[in-house]
Amino acid sequence: MSDVGGTRGEIFDLGYRHYDGPRLGRGYAVRSLCVLSIRNTFGIGRGALPKVLAFSLAFFAFVPALIQVVAGALAGGDFEILEPQDYYGLIQVIIVLFVGAMASDLVGNDRRNNTLVLYFSRPIRRDDYILAKIASLAVALLSLTLLPQLLAFVGNWLGADDSTDWFTSNTSDLFAIFASALLVSAQLAAIGLLIATFASRRAFALVSVLTAFLFSFVATQILVDLLDRGWAAAVMLSSPLYVMRGATLVLFDAVPALVSGPDGDADAQIAYADLPGWVWVAAIVVQTAVATWFATRRYRNVL
């Protein structure tokens with residue numbers, strides 16, 4: 001106790017003690033960050049606007065599958081109005097909007113709220129942080145890429161005249177649905193989050209993601225019509241949405257027959273490139289890996 005210049009000071013024993021409980025470690029921290037990020041992606045624990053945005057986009061991604069199921073139930077028999085390899089083309093803009101909106105929140109909020117220093121204190125490493133964010137966005141994207149296609153598949157299966165024969169004939173599609181959904185979700189999540197790490201504001205991140213995906217798709221579509229086969233293939237391999245489309249067609253064994261020249265249609269242009277199927281699958285893996293590497297490198301220099 002002291003009394004200096006009329007100011008009285010007191011010291012209290014508040015009983016602060018060293019923590020002796022279990023330490024769950026780095027793995028638990030990373031898993032917790034993934035779960036928290038998935039919840040944040042769908043607005044759980046946040047305000048109404050993030051919830052409405054996320055669930056509205058997810059609902060619109062289900063619309064083609066719901067139409068297929070209803071049409072199949074009403075028509076009866078083996079009635080399909082939607083080929084499985086065409087699903088991403090129908091919801092392409094919805095997926096990109098989801099990536100742009102959610103990627104900016106996943107990494108932007110932590111920078112704006114200055115919480116990165118808390119994450120990086122311990123035990124989460126910088127690479128852990130961005131890898132957890134990419135994984136969480138990829139898992140969230142599966143609700144737009146995988147679940148609607150499974151719904152359409154199950155609806156067609158249950159509505160078939162001979163469900164056993166239909167399932168046997170379409171088993172390969174089931175594998176392609178899972179493989180394409182995983183590859184597409186990982187690719188879009190990695191590229192989207194990489195772009196969002198360079199944007200300081202949510203609007204800038206959204207516009208940047210839309211530009212990188214949709215503008216590059218349109219520009220590629222125009223350029224391919226003007227280039228010869230070799231350069232056209234190179235340009236298509238640089239566009240994320242073209243690579244996504246090419247890999248999807250390969251996995252579903254639905255690449256169109258070779259054409260003599262491109263006619264402005266993306267599928268025909270992919271056929272015009274005349275690339276081996278494995279090139280498209282390798283390209284989507286490479287794009288995912290490169291985007292992930294650059295994202296981790298960027299966060300090694302943060303703070």
Below 4.5 Å, heavy atoms only, C-beta onward: do [X] and [Y] meet side chain to side chain?
X	Y	answer
Tyr299	Asp127	no
Leu241	Thr220	no
Phe213	Ile191	yes
Ser32	Val35	no
Leu188	Ile95	yes

Is a side-chain N or O of [X] found less than 3.5 angstrom from the main chain of [Y], in a donor-acceptor match?
X	Y	value
Asn170	Asp173	no
Tyr87	Pro148	no
Thr296	Trp293	yes
Gln287	Leu237	yes
Ser185	Leu182	no
Asp128	Leu131	no
Tyr272	Arg229	yes
Gln187	Pro240	yes
Tyr88	Ala181	yes
Ser136	Lys133	yes

To the nearest 0.5 Å, what is the distance between [atom1] on [X] and [atom2] on [Y]?
X	Y	atom1	atom2	result
Gln85	Leu251	CD	CG	11.0 Å
Leu249	Met244	CG	CE	10.0 Å
Phe252	Phe175	CZ	CZ	10.0 Å
Ile94	Phe62	CD1	CZ	11.5 Å
Asn40	Leu137	CG	CG	12.0 Å
Gln149	Ser180	CD	OG	5.0 Å

Between Leu214 and Val99, is there a shared hydrophobic cluster once you connect ILVMFWY residues whose side-chain heavy atoms come closer than 4.5 Å?
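Cluster IDs for Leu214 and Val99 match.
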
Same apolar cluster: Trp278 and Ile270, side chain cutoff 4.5 Å
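Yes.
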
Val243/Met236 under side-chain contact (heavy atoms from CB on, under 4.5 Å): CA gap, chis, key distance, verdict
CA-CA 7 Å; Val243 170; Met236 282 187 275; over 6 Å; no

Asp253 atom CG, neighbour heavy-atom count above 12 within 6.0 Å
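At most 12 heavy atoms, drawn from other residues, nucleotides or ligands, come within 6.0 Å of this atom.
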
Does atom CZ of Phe60 have more than 12 heavy-atom neighbours from other groups under 6.0 Å away?
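No - once you tally the heavy atoms of other residues, nucleotides and ligands closer than 6.0 Å, there are 12 at most.
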
Please test Leu53 against Met102 for side-chain contact (heavy atoms from CB on, under 4.5 Å), starting from the C-alpha separation and ending with a verdict.
CA-CA 9 Å; Leu53 179 60; Met102 305 313 159; 4.1 Å; yes

Minimal non-hydrogen separation, [X] against [Y], with atom names:
X	Y	value
Val209	Gly192	CG2-O, 4.0 Å
Leu183	Thr288	O-OG1, 4.5 Å
Ala266	Phe217	CB-CZ, 4.0 Å
Ala101	Leu206	N-CD1, 3.7 Å
Val69	Leu151	CG2-O, 3.7 Å
Pro50	Gly43	CB-CA, 3.9 Å

What's the verdict on side-chain contact (heavy atoms from CB on, under 4.5 Å) for Val107 and Ile130, showing C-alpha distance, side-chain angles and the deciding distance?
CA-CA 8 Å; Val107 295; Ile130 193 63; 4.2 Å; yes

In terms of ring plane angle, is the pair Phe167 and Phe153 parallel, tilted or perpendicular, where the classes change at 30° and 60°?
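Ring orientation of Phe167 relative to Phe153: perpendicular.
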
CA sep, side-chain torsions, deciding dist, call: Tyr242, Val235, side-chain contact (heavy atoms from CB on, under 4.5 Å):
CA-CA 9 Å; Tyr242 262 86; Val235 171; over 6 Å; no

Exercise: do Asp225 and Gln269 side chains pair donor with acceptor under 3.5 Å:
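Looking only at side-chain atoms, Gln269 and Asp225 do form a donor-acceptor pair, the distance falling under 3.5 Å.
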
So that I can tick it off, tell me whether Arg245 and Asp86 are bridged by a salt bridge, with the cut-off set at under 4.0 angstrom between side-chain N and carboxylate O.
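Salt bridge present between Asp86 and Arg245.
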
